[in-house]
A.B. asks: 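The following block contains the structure, expressed as structure tokens.
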Amino acid sequence: MKIAVASGKGGTGKTTVATSLALSLAMGEPGQPVPPPPAFLDCDVEGPNAHLFLAPVFERRQDVAIQIPRVDAAKCTACGKCAEVCQYHAIAVLGKKTLVFSQLCHGCGSCTLVCPEGAISEEPHAIGVLEAGTAARGIPFARGVLDVGEPMATPAIRQLKKWAIPSSVRDGSVVLLDVSPGTSCPVVEAVRGADYLLLVTEPTPFGLHDLRLAAEVAAELGIPAGVIINRDGIGDAGVDAFCAAAGLPILLRIPFERAIAEGVAQGRTLVEIHPEYAPRFRVLYQQIAGQVKQHEGSRPAGA
Ligand code: SF4
Ligand code: SF4
């Protein structure tokens, strides 16, 4: 089962939740055989930070590249068809010259397909690196790291998921995806294909605003979702009211507490600061599993 942990905005404690959920599942129930640990993917390729909490040792690396067009001036007739098809304005015809702006190119390949002269070939353009290894409690850990100044997070996330997920889900184990903040394209790419979206928010008007947007993404993608309220006790009851009206279950409340804030700032996970949260996260996982099962059962046959 793939569980994406997201938040409409940064600084809500999303990584604190994702890493603590991973550790809690890896610990297993006291007195029971230790289960296979969940795999953890840090999909926040523009600012990955889960490694600070789970301390992985990286064993594999792979460059991430996109294919960008290269125009053969000898064949190009400056017809402009490539510029017309490019949604990102990454290729332009100026007079008799056709220019490619690699920083804007998404590597979609459309210009190559439409060029009537066969004047466009493609060459790899490195945008970052993927790394995989083993973290605390044997958790298989992978992350993508975008090169500084490189704006193409979406293809890096797509390649990270393709590279790291197949081997982890083969045995039906759990995959946790730590998603970047916001609700833009990189978030949608990370969440796509997930079985569940766990939304971390705080009970303030800003938290509510961003939670609404994140809940819309879940609804749009048809993914069941639930909410964790972090820093419970600050703000107002707006988030509670919204969740009740939208039918979003509130699965856990983490109080606003100085000891948690200080511990997290030192790179400690919530279950290290307060071990009593480990069984709570395991109960939360069972609730998620129940919701996913219910969702699958409610789908029309063949959907
Ligand atoms: S590959 Fe796609 S994004 Fe890049 S220049 Fe061609 S059409 Fe535009
Ligand atoms: S579509 Fe091909 S021939 Fe036309 S401007 Fe672009 S590169 Fe040149």
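This one's a predicted model, so the numbers in the text were calculated from it and none came from an experiment. All ligand and atom numbering here is 1-based and tracks the order in the structure.
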A.B. asks: For R231 and P203, indicate whether the former's side chain and the latter's backbone hold a donor-acceptor pair under 3.5 Å.
C.D. replies: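 Checked: no pair found.
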
A.B. asks: Nearest protein heavy atom to atom 3 (S) of ligand 1, by residue and atom, and its distance?
C.D. replies: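 Nearest neighbour among protein heavy atoms for atom 3 (S) of ligand 1, to 0.1 Å: H106 N, 3.3 Å.
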
A.B. asks: Tell me the nearest of G109, C86, A90, S102 to atom 1 (S) of ligand 1, using heavy-atom distances.
C.D. replies: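 When every heavy atom of G109, C86, A90, S102 is considered, G109 comes closest to atom 1 (S) of ligand 1.
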
A.B. asks: Can you list the ligand 2 atoms lying under 4.0 Å from a non-hydrogen atom of G80?
C.D. replies: 4 (Fe), 5 (S)

A.B. asks: Is there a donor-acceptor contact under 3.5 Å linking the side chains of E131 and H51?
C.D. replies: no

A.B. asks: Mind checking the CG-OG1 spacing from L23 to T269? Nearest 0.5 Å is all I need.
C.D. replies: 5.0 Å

A.B. asks: Could you name the option among C82, P116, C115 that has the heavy atom nearest to atom 2 (Fe) of ligand 2?
C.D. replies: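 Minimum heavy-atom distance to atom 2 (Fe) of ligand 2 goes to C115.
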
A.B. asks: Would you check if the side chain of K161 reaches a backbone N or O of L41 as a donor-acceptor pair within less than 3.5 Å?
C.D. replies: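 Such a contact is absent between K161 side chain and L41 backbone.
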
A.B. asks: Can you tell me which residue and heavy atom of the protein come closest to atom 4 (Fe) of ligand 1, and the distance to 0.1 Å?
C.D. replies: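 In this structure, atom 4 (Fe) of ligand 1 has C105 SG, 2.3 Å as its nearest protein heavy atom.
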
A.B. asks: Is there a donor-acceptor contact under 3.5 Å from the side chain of D195 to the main chain of M1?
C.D. replies: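 No, because the side chain of D195 does not come within donor-acceptor range (under 3.5 Å) of the backbone of M1.
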
A.B. asks: Do K75 and E117 pass the salt bridge (charged side-chain N to carboxylate O under 4.0 Å, His left out) test, and can you show the C-alpha distance, the side-chain angles, and the key distance before you say yes or no?
C.D. replies: CA-CA 6 Å; K75 290 184 183 170; E117 308 299 331; over 6 Å; no

A.B. asks: Check A6 against V179 and note the closest heavy-atom contact, atom names and distance.
C.D. replies: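 Nearest pair, atom of A6 first, then V179: CB-CB, 4.0 Å.
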
A.B. asks: Just going by heavy-atom distances, which of A83, C108, A92 is nearest to atom 7 (S) of ligand 1?
C.D. replies: C108

A.B. asks: Short list, please: which atoms of ligand 1 are under 4.0 Å from a heavy atom of Y88?
C.D. replies: 3 (S)

A.B. asks: Select one of side chain, backbone, both or neither to describe which atoms of C111 lie under 4.0 Å from any atom of ligand 1, heavy atoms only.
C.D. replies: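 It is both backbone and side chain that touch ligand 1.
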
A.B. asks: Drop me the distance from R60's CZ to L130's CG, to the nearest 0.5 angstrom.
C.D. replies: 9.5 Å

A.B. asks: Only heavy atoms of E117, strictly under 4.0 Å: list the atoms of ligand 2 that pass.
C.D. replies: 3 (S)

A.B. asks: Which heavy atom of the protein is the closest neighbour of atom 8 (Fe) of ligand 2, given with residue, atom name and distance?
C.D. replies: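 Among all protein heavy atoms, the one nearest atom 8 (Fe) of ligand 2 is C76 SG, 2.3 Å.
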
A.B. asks: Report, in ascending order of atom number, the atoms of ligand 2 lying under 4.0 Å from any heavy atom of I120.
C.D. replies: 7 (S)

A.B. asks: Just to be sure I read this right, does ligand 2 sit under 4.0 Å from the backbone of T98, its side chain, both, or neither, counting only heavy atoms?
C.D. replies: side chain

